[in-house]
Protein chains: 2
Amino acid sequence: MRTGPKQVLILGGGFAGVYTARCLEKLLRSEEASITLINRENYWVYQPMVPEVISGSIGLTNVVSPIRRLCPRTNLIMREVEDIDLKRQIVTISPGFRPRQLELKYDHLVIALGNITNFHGMPGMIENAMPFRTLADAIALRNHLIHALEEADVEEDPELRRRLLTFVVGGGGFSGVEVMAELNDFVRSVKRNYLRLRHEPHRCVIVQAGERILPEMSEPLAMFAQRILRKRGIDIILNDRLKAATSERAILQSGTEIPCKTLISTVPSALPQVVQKLDCAKERSKLLVNAHLELKDYEGKVWALGDCACITTAAGTMVPPTAQHATREAITAAINIAAAVRGGNQAEFGFEGLGTLGSLGHGAAVAQIGSVTVSGLLAWLLWRGVYLMKMPSLNRKIRIAADWLLHLLFPPELAQTKVAVESGIRNQHFEPGDIVFQEGDLGDSVYVIEEGECQALRERKGQRELLATLGHGEYFGEMAVLSDRTRNATIRACTAMNVLVIPKADFDKLRHSVPLFGHVFSELAQRRAEAGPPHSSADPGMPAGGSGGNSSHAVLFRR
Amino acid sequence: MRTGPKQVLILGGGFAGVYTARCLEKLLRSEEASITLINRENYWVYQPMVPEVISGSIGLTNVVSPIRRLCPRTNLIMREVEDIDLKRQIVTISPGFRPRQLELKYDHLVIALGNITNFHGMPGMIENAMPFRTLADAIALRNHLIHALEEADVEEDPELRRRLLTFVVGGGGFSGVEVMAELNDFVRSVKRNYLRLRHEPHRCVIVQAGERILPEMSEPLAMFAQRILRKRGIDIILNDRLKAATSERAILQSGTEIPCKTLISTVPSALPQVVQKLDCAKERSKLLVNAHLELKDYEGKVWALGDCACITTAAGTMVPPTAQHATREAITAAINIAAAVRGGNQAEFGFEGLGTLGSLGHGAAVAQIGSVTVSGLLAWLLWRGVYLMKMPSLNRKIRIAADWLLHLLFPPELAQTKVAVESGIRNQHFEPGDIVFQEGDLGDSVYVIEEGECQALRERKGQRELLATLGHGEYFGEMAVLSDRTRNATIRACTAMNVLVIPKADFDKLRHSVPLFGHVFSELAQRRAEAGPPHSSADPGMPAGGSGGNSSHAVLFRR
């Protein structure tokens, strides 16, 4: 048997994970336990304030706090969790600079990996809907918004300009409402710096599946919130939900389509894959734990808490996934781990919640504390006061207070903080009728059809001429890329279509280094050029899976 | 002839470009001229303070200022300049959301596109040396430093840990010195938050081609700076320069090799390609202008200023590429543009400089104003005072002052602000003896050799066995990626070698969608598996250019 300190391993650095570590540092001495925390980032995110990153009313790094400073005695490992072996008590983590996985043996394990956004079964959402969970999401959204405004300012086409100025949020819970409120405040405020957008309207839409927004709150408060949001110019669509998306529009269950270039989704959520594949009891697709927050069959060994755990209080209430609950769960788990390490009494989780608070943008909020409800400016001041107080570091408290003060005096930040140009091989989704590219566009990518069909069209004497119909496994767009010219045809999806997009830079590298790869496309381009238009695909249906032959050998354009 | 306001087009949003726009807004009425500025970013960067982003002593967005607010009457277009046609007076800019280029006609043009870092002829530098020019560079460096510290904290191998804790800067001018001073301050200060690094030494090295650092200053001041930096633990290597780099080390002209994972280069610089290809008079590979800052043969039409222009004052001094000169050049150019638009006197550039200031990290700097020199804390306070005063917005002045105050009270930021995971198809360089991957590593990428040779080795009974020698056009690494296993051999470069790295995610997408691409590798893997080790390449030399046959058909492993 191993002697020395027990190995306590905490997976996840959210409220649940970090507060467990902090509590354990107080309860156990270094000789009793060695605490290790694994998190993708080296910081803990103060979730309630993340929406404020959009408007920059709080400095980007002020909504996060370095885990090393919050938990000075905890070993932090900044990696991903790849596998949890409950039987062998081993956790495998992803490689760092060297391509080697690391295996960690534990005596006691805390699973607090939260949940993720899951767009399964919603075509085009992965490619086009932006999630809003992490700091990275918030920064990416902020940069995207600024990019959309910059482009709208240059754009001459009124239709595209409207699309650039339409912002859609899926989900009308706290998260969706707070994001939209901040986004609306931000766009409204910075628009006046754009010479051509000053008097242009913008459109903000919340899509909510239920009868009303904010299902977490009582009806009168939610109705108040709806009124405020609508007064501030936000459209609220009820009893509907996102079904699909393309880069040009959001498509709702009801059939409504909203042309937009910005789509944010705060729903739905699912367990991270590494938790999902665990062979243990689950309920409502979360890990089922007892009142001590222990995983069934692994009592005294494994605890699960936070958003990935299904917890019921002693009184029988389902525990909601909020910060106030997660921090209390952390205390319960820490007490029980300490008890497992050196004996003592176990604790049961019985916290019933203090109330709920939701911001509706600058100067307005809703709050519900027990049976008392507060709304408007007072609730907003309460919101700021409560969350500032709860921020666990004097440094941050002062910085946030200073940021808020400056935000009252000066207009919001407008600088984009994009670091890397997004590019690389990626998937994209098109709905019937969507234009993939237009005749005359620059040849910036090559496309491979993974699913669905499209048509190649050419404008002649004001009429659209059908050149070919392309299907699964076929390529298009290679001609303009290979010859460095503009597109000689328009491609329009005729069914829902999924494609692989290979940007010119990657395409050129690949065909230079893997000659056979280049041949596939250059031969096709040559044949298409020789054959000339118009013609319908000789071989539109391809064997599924793509491992068989491919249609690059089909003559695609014939007179 | 066109009537209405003249079209003034400014290319570049640095000191030169932005100050020209600001000055023109004062000199010309809207009816006289319409001012358009084109810049890759929507913000102007306050270069002197960019190094402070590393330590986070100034908030990330406080070293930049939105151009829209600095120049409220100027049309900003956030795009890249792709082509300048001096004859036809047309500038072409890159596409935005839509793949269409935009052409802009101008009456008067200001070229202020600065310069870029040019690693031509220095193998491996593009892939491994980080430039330090833009805000994006500074943020990327900051994130990289934090990543290196996080990895060093986990790493068990003392050799790799040393490499992770070694930081090399190429170039000992103002820029190199200020970056290294900030970097050293930051690492020293945050190391104490890492349980395992607290007592581990780190190494900082400046490599300078000349006899001393800071050639911009007088010798006594430079010697003072050298003493201060050395006292703070920074190695200074003189009379040497960077020659090549791999992901594991920096290689100097003298043959010295410095194992390191962080390499920053502040030299050498060259004109941006779009300026380089201009058909006009150049000197010292910059655009040659007269005393009115006009381009030869395009007087009254085109002005060039800032770092991309070669300017001589009336007194015959070469104008150095600094902010104080750029802002004065902007005034001269603006006066001359106004004169061209509505007549009036032209101005000549005659500014001789006010002095030089360089920071050596917290609490120390060097300053030279005329014949007066100041060094140490006093110079540092002067540095801060001067640059704070020169920041052109009250908002920023207050924010920076607040940041500095808080930085004195609290430790520096430690949160990584990485948004996107860097990945994608990329090039990499290896020097002879370098290990590409080790037997037992995870199969995370496939490699294509573009130049050079390497050996496949296997460890058997403590001895390294040669399996094969691979050369130009050959592939390796596909076996572990295809079978999702670990590497079954070690690959070591035997000459300088350039490869294309295809990460597993991209590789899988490509072989799924382009079956022929997958076949190339799966056939090769099958043949290699069947043939078994060991064996030498049957076809190591491939025709150059890669357009001919390729060696995927060669049997690579034979007993």
Side-chain angles (χ1 to χ4, degrees), chain A residues 41-43 56 59-61 64 66 68-69 75 77-78 95-97 99-101 136 139-140 146 150-151 154 193-195 261 395 398-399 402 406 410 413-420 422-425 437 441-442 444 448 450 500 506 509-510 512-517 520 546-548 550, chain B residues 41-43 56 59-61 64 66 68-69 75 77-78 95-97 99-101 136 139-140 146 150-151 154 193-195 261 395 398-399 402 406 410 413-420 422-425 437 441-442 444 448 450 500 506 509-510 512-517 520 546-548 550:
Chain A
E41 317 286 359
N42 73 345
Y43 54 79
L60 296 188
T61 52
V64 301
R68 295 186 180 280
R69 298 223 175 97
N75 262 311
I77 301 183
M78 196 178 86
F97 274 112
R100 297 241 171 199
Q101 286 177 324
I139 296 176
I146 295 171
E150 295 289 344
E151 284 298 315
V154 179
N193 290 114
Y194 291 80
L195 290 180
K261 280 282 190 189
N395 178 353
I398 293 176
R399 284 178 191 270
L406 289 169
F410 299 109
E413 289 297 338
L414 185 51
Q416 223 192 16
T417 55
K418 195 164 253 179
V419 174
E422 275 162 60
S423 66
I425 294 171
F437 55 70
D441 281 354
L442 282 182
D444 56 355
V448 184
E450 303 202 317
L500 185 73
D506 291 320
K509 278 184 189 160
L510 283 168
H512 177 81
S513 296
V514 187
L516 254 178
F517 175 81
V520 169
S547 63
N550 77 70
Chain B
E41 316 286 359
N42 73 345
Y43 54 79
L60 297 187
T61 52
V64 300
R68 294 185 181 281
R69 297 224 176 97
N75 262 311
I77 303 184
M78 195 177 85
F97 273 112
R100 296 240 172 200
Q101 286 175 325
I139 297 176
I146 295 171
E150 295 290 344
E151 284 298 314
V154 179
N193 289 114
Y194 291 80
L195 290 179
K261 279 282 190 189
N395 179 350
I398 293 176
R399 283 178 192 269
L406 289 169
F410 299 109
E413 290 297 338
L414 185 51
Q416 224 191 16
T417 54
K418 193 164 253 178
V419 173
E422 276 161 57
S423 66
I425 294 171
F437 55 70
D441 281 355
L442 282 181
D444 55 356
V448 184
E450 302 202 318
L500 185 73
D506 291 320
K509 277 184 188 157
L510 282 169
H512 177 81
S513 296
V514 188
L516 254 178
F517 175 80
V520 170
S547 63
N550 75 71

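Since this is a predicted model, take the numbers as computed values, not measurements. Naming: A, B, ... by sequence-line order, numbering from 1 per chain.
Taking chain B as the reference chain and counting heavy-atom pairs below 4.5 Å, the highest number among A:Lys261, A:Lys509, A:Glu450, A:Glu150 is found for A:Glu150. Chosen from A:Val448, A:Ile146, A:Leu60, the residue pairing most often with chain B at heavy-atom distances under 4.5 Å is A:Val448. For chain A, the option among B:Ile77, B:Val64, B:Leu500 with the highest count of heavy-atom pairs below 4.5 Å is B:Leu500.
By the side chain to side chain contact (heavy atoms under 4.5 Å, CB included) test, A:Asn193 is found to be paired with A:Leu414, B:Arg68, B:Arg69, residues two or more places apart in sequence or in another chain being considered. With sequence neighbours excluded, the residues satisfying side chain to side chain contact (heavy atoms under 4.5 Å, CB included) with A:Leu442 are A:Thr486, B:Pro95, B:Pro99, B:Gln101.
A:Ala415 approaches B:Pro66 most closely through the heavy-atom pair N-CG, 4.3 Å. Considering every non-hydrogen atom in both A:Arg399 and B:Phe410, the closest pair reads NH2-CB, 4.4 Å. Of all non-hydrogen atoms in B:Glu151 and A:Met78, the two that sit nearest each other are OE2-O, 4.4 Å.
Proximity of a side-chain donor or acceptor of A:Asn75 to a complementary backbone N or O of B:Leu195 within less than 3.5 Å is not detected.
Contact of B:Asp444 with chain A is made through the side chain alone, with heavy-atom distances under 4.5 Å. Looking at B:Tyr194, the atoms closer than 4.5 Å to chain A (heavy atoms on both sides) sit in the backbone and in the side chain alike. Looking at B:Leu406, both its backbone and its side chain come within 4.5 Å of chain A, counting heavy atoms on both sides.
Counting heavy atoms from C-beta on, the side chains of A:Phe517 and B:Val520 never come closer than 4.5 Å. Residues A:Leu510 and B:Leu510 form a side-chain contact, since some pair of their non-hydrogen atoms from C-beta on lies under 4.5 Å apart.
Taking CD1 of A:Ile425 as the start and CG of B:Asp506 as the end, the distance is 4.5 Å to the nearest 0.5 Å.
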